[in-house]
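First comes the structure, then the notes that go with it.
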Amino acid sequence: MNIKKSILVRVRVAFLAICLFACAIVYKVVAIQFMDGAKWKKISKERRIHYQPVFATRGNIYSDNESILATSLPFYRVAFDPTVADAAVFNGGVDSLALLLSRYFKDRPEEYYRRKIKNARHNGRRYIRLNGHQIDYQAKKMMAKWPIFRTGKNKGGVIFEKVEKRFKPFGILADRSIGFINEDKNGAGLEYSFNSDLAGTDGEALFERIAGGNKPIYDGTEVQPQHGYDIETTIDINLQDVAENALYKQLDKSGADHGCVILMEVKTGEIKAIANLGKVEGGYIEDYNYAVGSQGRTEPGSTFKLASMMAMFEYTNNALSLSDTVDTGNGTYRIRNTTMNDSKTGGHGKISVQEVFEVSSNIGVAKLMERTFGTNPQAYVDYLHKFGLDNTLGFQMEGEARPFMKSPSDRTWYGTTLTSMGIGYELKISPLQTLAFYNAVANNGVKVQPIIVKEIRKADNVIQAFHTRVLVDKICSDETLKKLKTMLEGVVEEGTAKNILGEDYKVAGKTGTAKKIKNGRYVRSYSASFVGYFPADNPKYSCIVIIDDPKGVNVYGGLAAAPVFKEVADKAYARDLAMHKPLQERVVPNKESLPDVTAGSFDDLTLICNKIGISNHPGNTDEEWVKVEPGTRSLNFKPNPVLGDQVPDVTGLTLRDALFILGNQHLEVKVEGSGKHVKEQSLEPGTPINKEKQITIVLS
């Protein structure tokens with residue numbers, strides 16, 4: 001066979017192979033399309049249809065007065081099945097529908113929506129998403145009245161896909177305490193700590209995978225979701241706002257790194273406000289829960305001296321007296337190979353135990369510690385354990401830091417550790433744990449567990465209630481408590497917190513200024529604090545303030561932290577009439593001379609008039625607040641109603657009453673001038689309360 005014939009044979013064989021391969025492809029296509037078509041269509045449909053979760057609605061988080069702190073709001077994506085509507089409805093409404101969609105979303109021309117809808121109907125597509133933007137409930141109600149859509153889902157084909165978003169009506173107020181939870185189920189605050197209650201149980205339904213998304217199939221097999229429970233917190237929105245504003249102002253003024261404030265009810269342990277602010281570019285935000293978490297756990301400094309004094313009084317069976325003296329020398333004291341200093345240059349000399357605490361003398365406390373526990377340091381540590389300072393509080397919020405305290409058996413226990421611990425060093429404790437200890441002193445020795453959630457509810461049914469829980473029945477003897485309270489009051493009256501001494505009510509507390517450790521060494525960077533309770537003679541609230549690393553000259557607890565405490569305490573006192581001292585009976589020398597009063601509380605005014613023998617005519621009024629019209633020999637009252645959506649008339653009222661009323665109306669108040677009564681107000685009485693919610697009052 002020559003070469004020419006060989007090539008020809010090879011070409012023919014190759015051509016034949018190609019023809020056979022083409023025939024095989026044609027046969028396979030025909031077989032799939034016609035012979036096995038039903039089989040493959042069935043498989044395709046089975047794979048398109050799948051079960052998908054139907055997410056439960058997350059529960060709400062409420063404040064102590066039922067104000068919503070966090071809720072889930074419904075939003076919707078607009079989808080459409082253009083094959084559902086009959087020809088007359090579709091053709092008669094598609095142009096108007098396209099125009100309305102274009103005008104509402106303002107992202108595409110009318111022609112785009114018309115073409116998209118018509119092409120989908122022509123191609124038999126059962127699902128298209130008209131726009132990726134989410135709409136709110138009001139927009140959904142509006143769109144449900146549009147052409148084609150108005151005939152409903154079954155006849156018009158409109159599909160509103162529900163998407164829920166978490167919304168906080170008060171914005172960033174208590175933001176970190178409310179917290180968050182992400183898609184990975186990680187988070188912080190109440191949202192994370194109570195996620196199992198808030199989240200509910202997801203349901204399940206059939207969906208069909210089609211071009212553009214998943215279309216729900218309602219075939220009766222759906223499993224309905226079980227919506228989440230609501231939780232009611234102990235947070236008082238007004239006090240929370242006061243705490244955050246006071247903290248923010250002080251942090252901004254001092255340039256501090258971060259700070260926190262906790263306000264707690266003495267008897268119940270209910271936290272009424274908890275503010276945490278950390279420094280970021282441009283200001284401060286709630287970036288971490290410094291009040292509870294490990295980043296806020298620090299060496300407390302002088303505020304821990306209360307625990308040391310309590311231990312010494314108890315160990316000596318109160319043989320140690322407040323009048324006993326300690327020689328603090330010239331302000332320096334050598335302990336082993338270290339030198340301890342007092343803040344006062346030249347020292348305090350010989351002073352009493354009471355004065356040691358009032359001026360916060362490190363040397364005085366150190367010498368008392370050596371005198372009391374020098375031969376038995378374990379006894380001191382045992383007392384700290386007895387007080388519950390070595391354990392967590394079992395707080396309801398995840399992430400509570402565990403206290404760190406040394407023991408004489410530890411390898412890190414040095415010759416100076418006893419005196420260092422006595423003044424609040426070589427140990428770590430969180431602000432909340434410090435506050436719980438001070439709260440126990442205010443509560444006559446009963447240490448209660450702080451709580452921030454009161455109830456878990458489903459609608460009006462209480463699923464679980466959280467009541468006050470006692471951690472330590474009696475933290476120390478009554479005699480010790482009496483001495484401690486005297487010392488704490490002395491700090492404000494004569495000691496390092498004299499700058500917050502007031503006239504209306506007494507404050508008891510302790511300042512703290514602790515050096516911070518950086519790279520293993522103490523540096524000139526401080527954590528300033530003040531912790532105490534008020535009114536001192538009948539405690540209602542306890543409070544702690546931490547200002548971390550304030551800059552400038554005001555780095556001490558009395559100057560950096562105590563003013564924040566005072567501002568919070570003043571506002572809490574002003575709005576809680578139960579804490580006010582009862583009016584003292586007084587004699588009016590001349591009943592012909594009427595008291596200078598123009599407005600006030602109806603109950604208070606009638607009580608005063610009856611006490612001092614002034615004739616008054618209340619008229620027919622059920623209003624809590626009244627205006628006063630002086631008569632010849634009597635006072636005449638007329639109603640001064642306070643309506644929920646209108647600016648009240650506070651002219652003539654005392655500042656305290658005006659702040660009370662305006663605060664309850666959620667108005668932010670700016671005070672100008674000086675005097676006893678409100679002369680003018682910037683917002684006209686009776687006008688609707690606007691979004692700014694800010695009012696200026698002028699005193700005279």
Side-chain angles (χ1 to χ4, degrees), residues 37 41 44-58 71-167 169 183 202-222 224-225 691:
K41 286 179 181 178
S44 174
K45 185 175 181 180
E46 289 175 350
R47 290 183 176 178
R48 287 203 315 270
I49 296 176
H50 65 289
Y51 277 100
Q52 187 171 308
V54 178
F55 297 109
T57 299
R58 194 170 180 83
T71 188
S72 293
L73 294 183
F75 286 81
Y76 303 87
R77 293 191 182 96
V78 187
F80 189 40
D81 181 350
T83 66
V84 170
D86 59 38
V89 172
F90 182 84
N91 294 328
V94 65
D95 292 339
S96 298
L97 178 61
L99 176 63
L100 291 170
L101 288 168
S102 176
R103 286 180 176 177
Y104 180 82
F105 290 113
K106 299 178 181 179
D107 59 345
R108 302 280 187 172
E110 173 189 351
E111 180 58 30
Y112 167 83
Y113 286 104
R114 182 188 299 110
R115 185 172 60 251
K116 180 176 183 176
I117 294 170
K118 285 186 173 181
N119 288 343
R121 182 178 174 89
H122 177 75
N123 296 326
R125 292 180 62 184
R126 302 290 305 278
Y127 176 93
I128 58 171
R129 184 171 290 168
L130 295 176
N131 196 288
H133 293 293
Q134 297 173 5
I135 63 172
D136 60 22
Y137 179 71
Q138 295 301 323
K140 171 183 176 288
K141 287 177 62 178
M142 176 185 69
M143 288 186 179
K145 299 176 183 178
W146 286 0
I148 305 179
F149 288 1
R150 68 170 64 103
T151 56
K153 181 179 69 174
N154 295 328
K155 293 184 178 181
V158 63
I159 303 170
F160 292 110
E161 298 174 337
K162 187 177 180 181
V163 179
E164 290 192 341
K165 286 186 176 180
R166 208 63 173 159
F167 176 69
E183 294 179 356
D202 294 337
E204 194 176 54
L206 276 175
F207 285 80
E208 181 181 1
R209 293 190 184 95
I210 56 180
N214 294 319
K215 178 185 176 183
I217 301 173
Y218 300 100
D219 63 348
T221 63
E222 304 88 24
Q224 294 298 323
K691 294 181 179 179

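The structure displayed is predicted, hence computed values, not measured ones.
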How close do [X] and [Y] get, heavy atom to heavy atom, and via which atoms?
{"X": "Tyr76", "Y": "Pro74", "value": "OH-CB, 3.6 Å"}
{"X": "Thr151", "Y": "Val89", "value": "CG2-CG1, 4.3 Å"}
{"X": "Leu100", "Y": "Pro147", "value": "CD1-CD, 3.6 Å"}
{"X": "Leu99", "Y": "Glu110", "value": "CD1-OE1, 3.5 Å"}

Pairwise distance [atom1]([X]) to [atom2]([Y]) - rounded to 0.5 angstrom:
{"X": "Asn123", "Y": "Thr83", "atom1": "CG", "atom2": "OG1", "result": "11.5 Å"}
{"X": "Gln138", "Y": "Met143", "atom1": "CD", "atom2": "CE", "result": "12.5 Å"}
{"X": "Arg125", "Y": "Tyr127", "atom1": "CZ", "atom2": "OH", "result": "10.0 Å"}
{"X": "Glu164", "Y": "Phe75", "atom1": "CD", "atom2": "CZ", "result": "10.5 Å"}
{"X": "Arg77", "Y": "Leu130", "atom1": "CZ", "atom2": "CG", "result": "13.5 Å"}
{"X": "Asp81", "Y": "Ile128", "atom1": "CG", "atom2": "CD1", "result": "8.5 Å"}

Residue pair Lys116, Arg108: steps toward the side chain to side chain contact (heavy atoms under 4.5 Å, CB included) verdict:
CA-CA 11 Å; Lys116 180 176 183 176; Arg108 302 280 187 172; over 6 Å; no
Residues Phe90, Ile117; criterion side chain to side chain contact (heavy atoms under 4.5 Å, CB included); working and verdict:
CA-CA 10 Å; Phe90 182 84; Ile117 294 170; 3.5 Å; yes
Identify, with sequence neighbours excluded, every residue that meets side chain to side chain donor-acceptor pair (under 3.5 Å) alongside Arg150.
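Testing Arg150 for side chain to side chain donor-acceptor pair (under 3.5 Å), a comparison that skips the adjacent residues, returns none.
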With sequence neighbours excluded, what pairs up with Arg58 under the side chain to side chain donor-acceptor pair (under 3.5 Å) test?
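Partners of Arg58 by the side chain to side chain donor-acceptor pair (under 3.5 Å) criterion, ordered by chain and then number, come out as Glu191, Asn195.
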Which residue pairs pass the salt bridge (charged side-chain N to carboxylate O under 4.0 Å, His left out) test with at least one member in residues 133-147, sequence neighbours excluded?
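For residues 133-147: none.
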Backbone N/O of Ala85 and side chain of Arg121: donor-acceptor pair under 3.5 Å
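Present.
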Please list all pairs passing the ring-ring contact (aromatic ring centres under 6.0 Å, His included) test where one or both residues lie in residues 132-165, with sequence neighbours left out.
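As it turns out, the ring-ring contact (aromatic ring centres under 6.0 Å, His included) pairs with a partner in residues 132-165, which skip direct neighbours, are Phe80-Phe149.
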Quick test of your reading: applying side-chain hydrogen bond (donor to acceptor under 3.5 Å, both in side chains), list the pairs with at least one residue in residues 97-107, sequence neighbours left out, ordered by first then second residue.
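Checked against side-chain hydrogen bond (donor to acceptor under 3.5 Å, both in side chains) - neighbours excluded - the pairs reaching residues 97-107 are Asp107-Tyr113, Asp107-Asn131.
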Residues in salt bridge (Lys or Arg N to Asp or Glu O under 4.0 Å) with Asp95, at least two apart?
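Partners of Asp95 by the salt bridge (Lys or Arg N to Asp or Glu O under 4.0 Å) criterion, ordered by chain and then number, come out as Arg114.
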